[in-house]
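Both ligands and their constituent atoms are indexed starting at 1 by order of listing.
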Amino acid sequence: MAENRKRILSGIQPSGALTLGNYVGALRNWVELSKDENYEAYFMLADMHTITVRQDPKEFRKNAMDLLALFMASGLDPKRSPIFFQSHVPAHAMLGWVLVCNTYMGELSRMTQYKDKAQKHAANLNAGLFTYPSLMAADILLYQADLVPVGQDQSQHLEITRDLANRFNNAYSPTFKVPEAYIPKVGARIMSLQDPTQKMSKSDPNENGYILLLDPIDKIVKKIKRAVTDSGSEIRRGEGKEGIENLMSIYSAVTNKSMDNIEAEFEGMGYGDFKSAVAEAVVETVRPIQERYAELIKNKDYLKQVYKSGAETAGRTAMKTVSKVYRKIGFIEP
Ligand code: AMP
Ligand code: TRP
């Protein structure tokens, strides 16, 4: 295969069940990109990030294996792209510390995800929540990634990653590739079905606001039918149409139809018909994923083989960068 292939790295935290937002904003695009011969992709379960919020160990292990199975059920092929747990590759902690020492308090205090989480987790406002972006930068820079496919909410973290790469390259010598975010045009920010001003999130106290990839099919249909809309009747984008527009984005993402085509398709039809179509399209996407997941999760030996071999490949790539960095900053070679 071509040696000048572009590198891709991305990750999701195993912090609970995956939402349709995660799938549409991130995972779906990983699958597309990973099939492209021009890219060499690495996919990570960001478990070291997850412990910035206290986890119940048993539940944490279950979430981690579930997410691994869902990565593959969604179409990631471990033979093409290594899939690994962050905690299995020591290079992340090794570069993470170096980058913590190159990140300013001021820039970390400006991170919106930190400000949000600081409010939500006021009782456990640990230093890891604050330095999270430095570790995320290490995740990316270790692999000399060109492209990082994520949802809109991660764009600020990508900016700080670029700043850190440039800062290090300027202070020492060119070491890191400066990565670009890859944010989808449609579906980068799927909103809550109950409040289209809020991002769809599994931490929403109202479970009708989000759809989980592993929700029972009838529940998914009900949640879509109950989604808030507006007092009008047209299927189109615009001021005051945030609920409908959100459903349109979901529909667009799972059918690959453009927003313009969707407006044309549903011209003159009512919200009820539109919601039925959205529900059907979502179910068509989710059902095969659920079926593959059910098979994969039974096969613990296979899952183990996947994450072990993923960590070996990822570790080799990542350690090359760590060695370079350690030499440049002046650590004595062991
Ligand atoms: P998280 O679950 O917050 O760790 O997010 C994992 C990935 O899913 C990241 O790339 C996010 O940007 C993406 N993501 C999370 N929520 C949404 C959403 N509501 N819409 C689109 N993408 C999302
Ligand atoms: N911070 C990301 C999130 O919450 C997860 C993540 C950790 C990540 N390291 C990464 C995403 C590296 C992309 C690249 O969704």
Subject >> Nearest candidate to atom 14 (N) of ligand 1, where distance is taken over non-hydrogen atoms, out of Asn22, Leu67, Ile190 >> reply: Asn22
Subject >> Enumerated ligand 2 atoms positioned under 4.0 Å from heavy atoms of Val148 >> reply: 13 (C), 14 (C)
Original post:
Going by the atom numbers of ligand 1, which of them fall below 4.0 Å from some non-hydrogen atom of Ala26?
Top reply: 7 (C), 8 (O), 10 (O)
Subject >> Numbered atoms and elements of ligand 2 in range of Gln13, under 4.0 angstrom, heavy atoms >> reply: 4 (O)
Original post:
Got an N/O contact under 3.5 Å between Gln113 and ligand 2?
Top reply: no
Subject >> Where ligand 1 meets Gly187 - atom numbers and elements under 4.0 angstrom, heavy-atom basis >> reply: 21 (C)
**OP:** Would you indicate which of Thr52, Leu141, Asp139 comes nearest to atom 10 (C) of ligand 2 when only heavy atoms are counted?
**Re:** Asp139
**OP:** Find all atoms of ligand 1 within a distance of less than 4.0 Å from any non-hydrogen atom belonging to Gln154, and give their numbers and elements.
**Re:** 12 (O)
Original post:
Which residue, Phe43, Tyr182, Tyr23, Tyr39, forms the ring-ring contact (aromatic ring centres under 6.0 Å, His included) with Trp30?
Top reply: Phe43
Subject >> Non-hydrogen atom of Met191 closer than 4.0 Å to ligand 1 >> reply: no
**OP:** Nearest 0.5 Å please: distance from the CD1 atom of Ile262 over to the CD1 atom of Ile244.
**Re:** 11.5 Å
Subject >> Which of the ligand 1 atoms, numbered from 1, are nearer than 4.0 Å to a heavy atom of Val150 >> reply: 10 (O)
Original post:
Heavy-atom distance to atom 21 (C) of ligand 1: which of Gly151, Ala188, Gly16 wins?
Top reply: Ala188
Original post:
At a 4.0 Å threshold, what atoms of ligand 2 neighbour a non-hydrogen atom of Met44?
Top reply: 9 (N), 10 (C)
Subject >> N or O pair under 3.5 Å between Tyr132 and ligand 2 >> reply: yes
Original post:
If you draw a 6.0 Å radius around CD1 in Ile329, do more than 12 non-hydrogen atoms from other residues or ligands fall strictly inside?
Top reply: yes
Original post:
Are any of the N or O atoms of Ser10 closer than 3.5 Å to those of ligand 2?
Top reply: no
